[in-house]
Number of protein chains: 2
Amino acid sequence: MSEAPLTISDRIQEKLDDLTRAERQLAHSILENYPASGLGPLTALAKDANVSVPTVARMVQKLGFKGYPDFQSELREELKAKAKDPIEKHDTWAENAPSEHMLNRFTDAVIDNIRHTLGQIDPKGFDEACALVADDQRHLYIVGGRITHTLAEYLFLHMQVIRPKITHIQSTSNTWPHYLLDVKEGDVFVIYDVRRYENNTLKLAEMAHAQGAKIILFTDQWRSPVHQLADISLSSRIVVPSAWDSAVTTMLLTETMISAVQNLSWGDTKERMEELEEMFDQTKLFRKFT
Amino acid sequence: MSEAPLTISDRIQEKLDDLTRAERQLAHSILENYPASGLGPLTALAKDANVSVPTVARMVQKLGFKGYPDFQSELREELKAKAKDPIEKHDTWAENAPSEHMLNRFTDAVIDNIRHTLGQIDPKGFDEACALVADDQRHLYIVGGRITHTLAEYLFLHMQVIRPKITHIQSTSNTWPHYLLDVKEGDVFVIYDVRRYENNTLKLAEMAHAQGAKIILFTDQWRSPVHQLADISLSSRIVVPSAWDSAVTTMLLTETMISAVQNLSWGDTKERMEELEEMFDQTKLFRKFT
DNA sequence: ACTTTGTTGTGATATATTTTTCACAATTTT
DNA sequence: AAAATTGTGAAAAATATATCACAACAAAGT
């Protein structure tokens, strides 16, 4: 058995549990841009990971190296070996799996979906959609179908924090006619509908449209019939090597929308502060969970 | 247009004619296993190339670097950049939007997450997890938290079609102690837990573990504490330019699992046929929609 | 063959960095 | 409150780098 020669990356990950908080933080920093950061001076690495110099020194020894230079020289060996290896031809995603492995095939397809989807999207329309969703003068209704209600709820959960006046409707439930009574002109519907397109969803969209609501539609490349009524359609490619369709791209657009709406709601000034706070928050989390 | 930023390798080759014999010898040695040898100590490089130390020092300056350390740090930069590149290639995703547009920034981050995640995943563990989930002798419990229950439900909805004996538990609900009564040794728990990790989820995992259940954990790069109890952990990078974390990569893994489990459930014989058919199918689709 | 000219290695040395350790205080975790 | 972890600042030890002068060498032209 010619076993995989156990890279340093592997070794780090294995030991991850035996490491202390600061060490783990350092480990992640090393893996973050591997192996480049490990090849620089120890001091730089320490600063990069926001840990002290002794922490680095202590850890490399914990990992079983004689010292930092020893660690580095093994890293270089590894790099040398990898450069010789012909495996990297087709960049596989999961390097340790053959390219026919489901992990690689699936990911290939998803990346392809993302590329196609983003390549064809209309940024203006997207921005308009975000603006509509961000406008808390309008009541926001979020609608999903049998499967897509999970995406709808995902959007709902986040919007709940960002703005008031939102409702999550499941088109497959029979309670939704209720909600429609209250719909006012100018309210916004975010509707998820991918194949197989659901009749209920279409009906719901029609009624909403009839009441003068704006409709933003998340759909697939073949476009749900709701498309006819929608003010803005965002269609994603959803084809993967599976018996089912992929919701990954749709979720990507959804998350992007969440982020964009958040920014709009907070105003330009706070945007940067938020980014900072995020980083800070992240650091705190590192400290908290050891 | 932003041309490729001229690697050090390029620079060396360009200057090759201006170099003297020993320097050329050195240059070739550097290119021989590039960039590894350039990242070691100057002395080692000199010995490797069978040239003297001053020759190396003289050459790096001739190449326009301030000194050997300068040369090295540029090499590291290059390596870092290259590691990021394989598919990203700085082609902006939404071509009609500027690269600072949220669509592009967000997608960049997500692709990066996917690459990191897949790069570090253990395919063996993944396969084992799929086998466990596919085994319909075992009852399958799917658990999600406040946000992640949407992912859990997504998995649940698909598994429902593929196999019997599954239950979707929401860790935030107070009904879950009920279910645990029925858990038998060998049953399987698929648990979603990303930061901020939920106490309920941990408790639930502990009880499941105590009853001898297998645990498969979907978590983030920092790993939920449930990790300690899990038989298999699948961790995803979740960092995006947003106030929230991204679930896209986790969903990608989930969908991949669904697809893999589906294949397993159809029996070994049909598996390959199906794969072929899939590929064929995929090709057809490519032709159709391009 | 004999310069001439430019290149290269040697050995030595000064400088600059880096690594490794310490002791101790601050902090966090148990 | 005790134990473990981490950062600080400093210093010592170890390496690495940059240079120098000079001799050895090689190639080119005379």
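In what follows, chains are A, B, ... by sequence order, proteins preceding strands, each numbered from 1.
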In whole angstrom, give the distance that lies between atom [atom1] of [X] and atom [atom2] of [N].
| X | N | atom1 | atom2 | result |
| --- | --- | --- | --- | --- |
| A:Asp18 | D:dA4 | CG | P | 16 Å |
| A:Gln72 | C:dT18 | CD | C1' | 10 Å |
| B:Asp70 | D:dA18 | CG | C1' | 14 Å |
| B:Lys66 | C:dA16 | NZ | P | 11 Å |
| B:Tyr68 | D:dT17 | OH | C1' | 10 Å |
| A:Met59 | D:dT5 | CE | C1' | 15 Å |

Pull out every protein N or O sitting under 3.5 Å from an N or O of nucleotides 5-15 of chain C, one pair per line with the distance.
unit_1	atom_1	unit_2	atom_2	d
C:dT8	OP1	B:Thr20	OG1	2.9
C:dT8	OP1	B:Arg21	N	3.0
C:dT8	OP1	B:Ala22	N	2.5
C:dT8	OP2	B:Thr20	OG1	2.2
C:dG9	OP2	B:Ser52	N	3.3
C:dG9	OP2	B:Ser52	OG	3.2
C:dG9	OP2	B:Thr55	OG1	2.7

Query raised in the report: Less than 6.0 Å separating the ring centroids of A:His158 and A:Phe156?
Result: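 Judged by ring-centre distance (under 6.0 Å), A:His158 and A:Phe156 do not meet the cut-off.
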
Side chains of [Y] and [X]: any donor to acceptor distance under 3.5 Å?
| X | Y | result |
| --- | --- | --- |
| A:Glu153 | B:His149 | yes |
| B:Ser236 | B:Thr249 | no |
| B:Glu78 | B:Tyr34 | yes |
| B:Tyr154 | B:Glu255 | yes |
| A:Ser52 | A:Thr55 | yes |

Please tabulate, one pair per line, all N/O donor-acceptor pairs under 3.5 Å involving side-chain atoms of residues 225-232 of chain B, not counting sequence neighbours.
unit_1	atom_1	unit_2	atom_2	d
B:His227	ND1	B:Ser233	OG	2.9
B:His227	NE2	A:Asp17	OD1	3.1
B:His227	NE2	A:Asp17	OD2	3.0
B:His227	NE2	B:Arg223	NH1	3.3
B:Asp231	OD1	B:Ile215	N	2.8

Query raised in the report: Taking OP1 and OP2 of C:dT21, is either one under 4.0 Å from a side-chain nitrogen or oxygen of A:Gln61?
Result: yes

Query - Closest-nucleotide ordering on DNA chain D, the 5'-leading residue of A:Pro69 and B:Ala57 - result: A:Pro69

Query raised in the report: Is the Lys NZ or Arg CZ of A:Arg76 less than 6.0 Å from the centre of A:Phe71's six-membered ring, within 45° of the axis?
Result: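 No cation-pi geometry.
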
Requested in this report: List the steps and the verdict of salt bridge (Lys or Arg N to Asp or Glu O under 4.0 Å) for A:Glu23 and A:Arg58.
Outcome: CA-CA 9 Å; A:Glu23 287 170 344; A:Arg58 287 190 278 251; 5.6 Å; no

Report task. Scan residues 37-49 of chain A against DNA chain C and write down, sorted by residue number, each residue with any heavy atom closer than 4.0 Å; if none is found, say none. Result ->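 By residue number: A:Pro41, A:Leu42, A:Thr43.
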
